[in-house]
2 protein chains.
Amino acid sequence: MVRPTMEDVAARAGVSRALVSLVMRGSPKVSDQRRNAVLKAAEELGYSPHAMARSLASRTSHVLGVMVSDLHNAFFAEVVDGLDAVAAEQGFDLIINTGGRSPARERRAVQSLLSFRPAGLALLSPVVPSAAIKSAADQTSVVLVARSSRLSTVDTVNDDGERGIGLAVDHLVSLGHTRIAHLDGGEGTQSAPRRRGYLAAMEAHGLTPRVVASEYTDAAGAKAVQALLNDGEMPTALVCCNDFNAIGAISALEEAGYRVPHDVSVVGYDNTSLAALRHVSLTTIDQPRNEFGRLAAEALLQRVRGERTEPVRHLLHPSLVVRNTTATPGGPR
Amino acid sequence: MVRPTMEDVAARAGVSRALVSLVMRGSPKVSDQRRNAVLKAAEELGYSPHAMARSLASRTSHVLGVMVSDLHNAFFAEVVDGLDAVAAEQGFDLIINTGGRSPARERRAVQSLLSFRPAGLALLSPVVPSAAIKSAADQTSVVLVARSSRLSTVDTVNDDGERGIGLAVDHLVSLGHTRIAHLDGGEGTQSAPRRRGYLAAMEAHGLTPRVVASEYTDAAGAKAVQALLNDGEMPTALVCCNDFNAIGAISALEEAGYRVPHDVSVVGYDNTSLAALRHVSLTTIDQPRNEFGRLAAEALLQRVRGERTEPVRHLLHPSLVVRNTTATPGGPR
DNA sequence: TCTATTGGTTGGAGCGCTCTAATGCTGTAG
DNA sequence: CTACAGCATTAGAGCGCTCCAACCAATAGA
């Protein structure tokens, strides 16, 4: 378990430690003969370079830190895929961490990532206060994904939630719906733009909006439908704040004897893997998650390379994914 | 962006670097006066210790590496929660990484984790060949979660899949079912014990087993039901290899006009968050995922502390979660 | 022939920290 | 008044690596 060092490899290959260092970094200015000797010795000893010693000595880092606020949410898995693809392309490694949506734990997670002195830090939908983000940004380049910020030192990558909900409303209107309600995300991070988008789209179509208070869970979606039922008149279409909420809404509708989409159309938001299940087959709004990750990584790497110091604000276009929970009012023709 | 070092803090506090080091490590042998001066200086400078320099100098590590084979699967999120809880308790940090279920990428991920010289390494359901695991185990303590191994140098944490499926069969039999089929996981990691468990349980009850080839996806579950339909006689209950498979099976059953659980009962495996959705409400087998993580972390820390060198093999008891997809044959009374 | 030039190679300093051994400084006992 | 604990504090070496400047052929140009 005691691992060989460069010195050991150098001794075995009969060269200096500096030469081994050059070989390990793939320098061209090494004769083939020596290179092979070094590689052979390294192989025989099972040597692999010590990342920390390397970055300590070079005063540079080839590591990007990623704080995922919620590992349970597959949304972030795809963002990480995008980050990883770009990072790997450019010779960077990712180290990931999670805050479990608890500010305290998240703060610890960010501290822990910073203690590795990463070249950059991606915070995926962080819940820590803005001050904590600022202090991290004083120490390294920071990009925020799925959270906006006015800090001039951080980059951000978000989807255009206003536009996304607009797509949902347009789709329903084009099917002939006029009584379209919105199940609102309440305090959730992205619920404000989504609500704005709903109101704007309804107004643009000359329709009367109806916002029902709800939350980002399936239980909340079901509860909101109960409220709608008690209220009397059921709309012919529901635009939900996210997929979980939509699924809850659908099950409550079905329990109450409504058929989806025959009697009521339902649209979700996020295009989670859930929505694609044939048993669910939810019409929803897709966010380009992989692209989020790619752009976040690129933003970080641009700063690392010193190509840019101005903050960048990416606002990506969501898209509509039509499945089987929307139809013309009165049922599919 | 140029960060202060211990030297800077020492100068500001008017003490030596060694004393700052003692304060940072919470040593008791520092006078309160100096301690406060140091903490104040550190605070003012925004100093935080450099994890790599620290572990380089101390030749020890307070980091556990975690390789998650698939970040998209929420199963692992809970395992990570367990790992994190125990690690944090004992002053260890987690660094996570993912292999995206690709052996090549996974290998890179493990290499990257090893380059940080972690105190231990947890591999969650790795797909790399056993040789790669062995070579990692030569370099640090390794624990495998949701993958078994005969390597004498690694610990393992698994659920007893045989017993889990047994619980499902027992449950169905107690409801009065006799024609119970198993949708098999094919090449999947845990499908062999699950199949064995099914066969053993059926035999124990004196029933005729029926294994249908399938896979760990909802599409495969639906396809297996199609095969069953073409085959003629539909069983009254289905024990599926996992939750996704079960959901696919359910939707295919419903499309074919069967009611679940009225005509056919369905049991999943894994108790994913999916299963708990009211729209799905799937009877399934729960694995103690959080416990997986806790035990994995403890196994690692035992080795780190040198308390144990013999490998440990944890085989945890799964449990049955009854929801709304199982009932007496012919429908709930 | 002598000086540049080039390409391969090396020693040594130093990155930010920890750890050991040694230092200075009380206070108490002999 | 010396001796010796016992404690807080510090200097210095060293962790595994990178980087710089220096070095040493071997070749090219004058």
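As a basis for the values below, the full set of heavy atoms in this structure was taken, side chains included, without hydrogen atoms, waters or symmetry mates. In the text below, chain A, chain B and the rest are named by the order of the sequence lines, each starting its count at 1.
The distance from atom CG of B/L19 to atom P of C/dG16 is 19 Å, rounded to the nearest whole Å. Atom-to-atom, NE2 of A/H62 to P of D/dT18 comes out at 11 Å; the value is rounded to the nearest Å. Remark: P of D/dC19 and CG of A/L56 are 12 Å apart, rounded to the nearest angstrom. Atom CZ in B/R34 sits roughly 5 Å away from atom P in D/dT9 (whole-Å rounding). Atom P of nucleotide C/dG7 and atom CZ of A/R35 are separated by 15 Å, given to the nearest angstrom. Counting to the nearest Å, the P atom of C/dC15 and the CE atom of A/M52 are 19 Å from each other. Taking atom NE2 on A/H50 and atom C1' on C/dG16, their separation rounds to 13 Å, with Å as the unit. Going from atom CD of A/E7 over to atom P of D/dT18 covers 12 Å, rounded to whole Å.
Counted within 6.0 Å of CD on B/Q33, heavy atoms from surrounding residues, nucleotides or ligands total 12 or fewer; the atom is thus considered open. Other residues, nucleotides and ligands contribute over 12 non-hydrogen atoms within 6.0 Å of the CD atom of A/E307. Counting heavy-atom neighbours within 6.0 Å of A/R107 CZ, excluding the residue itself, gives a total of 12 or less. The local environment of CZ in B/R147 is crowded, with over 12 non-hydrogen atoms from other residues, nucleotides or ligands closer than 6.0 Å.
The side chain of A/L22 sits closest to C/dT10 out of C/dC17, D/dC17, C/dT10.
Phosphate contact (OP1/OP2 of D/dC7, side-chain N/O of B/S31, threshold under 4.0 Å): absent. In this structure, B/S16 reaches the D/dT10 phosphate: one of its side-chain N or O atoms is under 4.0 Å from OP1 or OP2.
A side-chain N or O of A/S48 and one of A/R3 form a donor-acceptor pair less than 3.5 Å apart. A donor atom on one side chain and an acceptor atom on the other are found under 3.5 Å apart for A/S21 and A/R25.
With the end axes of the helix from C/dT1-D/dA30 to C/dG30-D/dC1 each set by five pairs, the angle from one to the other reads 70° at 10° resolution.
Taking the six-membered ring for Trp and thresholds of 30 and 60 degrees, A/F116 and B/F116 have ring planes more than 60 degrees apart, a perpendicular arrangement. The aromatic rings of A/H62 and A/F92 lie tilted to each other, with the angle between the two planes from 30° to 60°.
Positionally, the nearest nucleotide of DNA chain D for B/K29 lies more toward the 5' end than for the other of B/K29 and B/A53.
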Please produce a list of atom pairs where a protein N or O lies less than 3.5 Å from an N or O of nucleotides 19-22 of chain C.
unit_1	atom_1	unit_2	atom_2	d
C/dC19	OP2	B/R25	NH1	2.5

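With respect to the salt-bridge test (charged N to carboxylate O, under 4.0 angstrom), the residues A/R308 and A/E298 do not qualify.
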